[in-house]
There are 2 protein chains.
Amino acid sequence: MTSYIEPLAQESTPSIIADKLRKAIGHGEFRPGAQIVEADLARKLGVSRGPLREGMQRLTQEGLLVSIRNRGLFVIDMTPEDIRDMYLAREAIERAAALKILRDGDFETVGLALLAIVDQMAAADGDPAAVGELDIAFHELLVRLADSPRLSRMHQTSIIETRMCIHALEETYLATDARAVEHHRLADAIRTGDVDRTDDLLSAHMDDAIERLVSR
Amino acid sequence: MTSYIEPLAQESTPSIIADKLRKAIGHGEFRPGAQIVEADLARKLGVSRGPLREGMQRLTQEGLLVSIRNRGLFVIDMTPEDIRDMYLAREAIERAAALKILRDGDFETVGLALLAIVDQMAAADGDPAAVGELDIAFHELLVRLADSPRLSRMHQTSIIETRMCIHALEETYLATDARAVEHHRLADAIRTGDVDRTDDLLSAHMDDAIERLVSR
DNA sequence: GGGGTTAACATTGTCGACAATCTACCTTTC
DNA sequence: GAAAGGTAGATTGTCGACAATGTTAACCCC
């Protein structure tokens with residue numbers, strides 16, 4: 001039972017704006033390489049350029065936007081090299097998260113929670129968009145349950161970049177069956193507390209993802 | 001030989017401000033928990049509050065500043081829990097960097113470059129501040145040579161947090177001998193391309209650092 | 001036609017001013 | 001004397017305006 005009385009942390013406007021921008025980029029509302037025109041976007045969001053610029057600086061720090069002086073901010077364009085680098089970072093983060101759970105967390109509960117997502121994945125078989133969402137949900141849950149503010153924050157950025165990749169390929173991001181199997185194995189390894197197997201599977205999972213995204 | 005003709009990327013004002021703030025925080029010019037008063041700082045930096053706020057948003061995204069609405073931005077206060085979490089993230093990043101170097105980098109050259117820093121460390125024996133700087137230089141070089149934009153960006157934040165911890169303890173952060181030995185072993189493991197040993201040493205190195213920082 | 005100059009336009013960068021909010025202190029009341 | 005209420009000061013949040021910069025296209029010259 002959680003108390004109703006808790007510190008009410010009102011989010012700052014720039015952080016709300018940053019969230020919205022992240023969602024928009026992740027869902028393909030801004031194409032890779034596209035310029036973000038401040039005045040237009042400010043009008044659409046119903047704020048002035050000040051707070052908007054502050055929010056955009058956050059995404060720039062994350063590397064989702066790149067700044068060119070006196071020209072503007074542009075959505076990052078994910079090259080194959082970027083995709084590899086992103087998965088390098090993602091694997092580092094998720095491995096650390098998994099390891100923390102296996103070492104001093106309730107890995108059995110976590111494993112079962114992950115398996116629940118895998119079940120949904122199997123149920124959603126055939127719908128690539130749904131499977132894609134569940135894929136991301138799986139990895140987000142894994143990191144969240146590791147209960148590490150820093151890993152979570154870093155992971156957030158990687159997830160947006162992953163979304164960008166998936167969205168760019170849209171219909172062609174297939175192999176839903178194989179992915180369900182990979183996730184099932186991974187969740188199982190965590191449930192049983194098998195460190196080495198988790199490590200290997202996670203690594204292979206990331207390599208497969210790179211392969212799927214870069215090869216085409 | 002590098003070409004003189006290269007894209008001239010002028011940094012944006014907010015990013016310059018963010019760099020200055022990071023340095024200031026890392027060197028203890030702003031105490032943990034201290035409020036950053038916009039008007040004062042803007043005057044000192046010779047800019048208006050707009051660009052300054054944009055720069056501060058970057059540090060907020062990194063987690064070096066925390067925002068409380070209508071009250072201001074405050075330098076993060078590193079609790080023992082924060083220290084542990086920071087080292088969890090740092091280990092994840094540096095491990096990935098080391099692994100990448102061992103797998104598809106010139107690990108021998110990297111190992112020698114790292115050993116050069118260890119030599120300086122031995123030469124600077126007795127001066128805790130110098131050893132501290134070299135300690136950080138060692139880890140920065142390791143990640144930089146991995147040549148991963150994302151790992152580098154994430155590592156930058158962790159390094160500032162590390163600096164905060166070292167600075168907070170100031171004179172009492174000792175055990176310079178033990179640290180030189182640890183770094184020497186680590187550099188050697190990389191030079192010889194020993195993946196497992198690198199992994200173990202890095203892990204132990206981080207644990208020791210946590211112990212040194214938290215125990216007091 | 002190619003290269004260079006100029007001018008209009010669009011966009012970003014910066015600033016100062018005002019509104020909203022919070023804190024701290026003082027006053028009032030019971 | 002303690003608690004509630006009110007007030008002044010300081011700080012942050014937001015906005016609109018202006019300056020600086022870059023881009024585009026038309027125009028001119030060779």
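Below, chain A is the first sequence line, B the second, and so on; all start at residue 1.
In this entry the distance linking CG of A:Asp40 with P of C:dT12 reads 8 Å, nearest Å. D:dC15 atom C1' lies 15 Å from atom CG of A:Leu45, rounded to whole Å. In this entry the distance linking CZ of B:Phe74 with P of D:dT12 reads 8 Å, nearest Å. Computed from coordinates, the A:Ile17 CD1 to D:dC15 C1' distance equals 13 Å when rounded to whole Å. As a whole-Å value, the separation of B:Ile68 CD1 from D:dT11 P is 16 Å. Atom C1' of nucleotide C:dA10 and atom CG of A:Leu73 are separated by 16 Å, given to the nearest angstrom. Distance CZ (B:Arg53) to P (D:dT11): 14 Å, rounded to an integer number of Å. Here C:dT11 presents its P atom at 13 Å from CE of A:Met56, a figure rounded to the nearest Å.
Using a 4.0 Å cut-off between charged nitrogen and carboxylate oxygen, B:Glu11 and A:Arg69 do not count as a salt-bridge pair. Note on B:Asp82 versus A:Arg150: salt bridge recorded, some NZ/NE/NH1/NH2 to OD/OE distance being below 4.0 Å.
Nearest nucleotide to the side chain of A:Pro51, out of C:dT14, D:dC15, D:dG13: D:dC15. Side-chain atoms of B:Asn70 lie closest to C:dC22 of the nucleotides C:dC22, C:dG13, D:dG22. Closest contact between the side chain of A:Glu38 and the listed nucleotides C:dT12, D:dG22, D:dT12 involves C:dT12. Here the side chain of A:Val47 is nearest to one of C:dT14, D:dC15, D:dT12, namely D:dC15. Of the candidate nucleotides D:dC15, C:dT12, D:dT11, D:dC15 has the atom lying nearest to any side-chain atom of A:Ser48. Out of C:dT14, C:dT12, D:dT14, the shortest distance to the side chain of B:Thr13 is found at C:dT14.
With rounding to the nearest 0.5 angstrom, the CZ atom of B:Arg22 is 11.5 Å from the CD atom of B:Glu161.
Summary of the strand contacts: B:Arg49 and A:Val37 both lie near DNA chain C, and taking for each the nucleotide with the nearest heavy atom, the more 5' one is attributed to A:Val37. The residue among A:Arg71 and B:Ala39 whose nearest nucleotide of DNA chain D is located toward the 5' end is B:Ala39. Residue A:Gly50 is the one, among A:Gly50 and A:Arg69, whose nearest nucleotide of DNA chain D lies closer to the 5' end (criterion: closest heavy atom). Comparing A:Gln10 and A:Gly72 by the nucleotide of DNA chain C that holds the closest heavy atom to each, the one mapping nearer the 5' end is A:Gly72.
Across all strands, A:Ile36 comes closer than 4.0 Å only to sugar-phosphate atoms, never to a base (heavy-atom distances).
Side-chain atoms of B:Ile136 and B:Ile166, non-hydrogen and from C-beta on, do get closer than 4.5 Å to each other.
For B:Glu211 (side chain) and B:Met206 (main-chain N/O), no donor-acceptor pair under 3.5 Å exists by modelled atom type.
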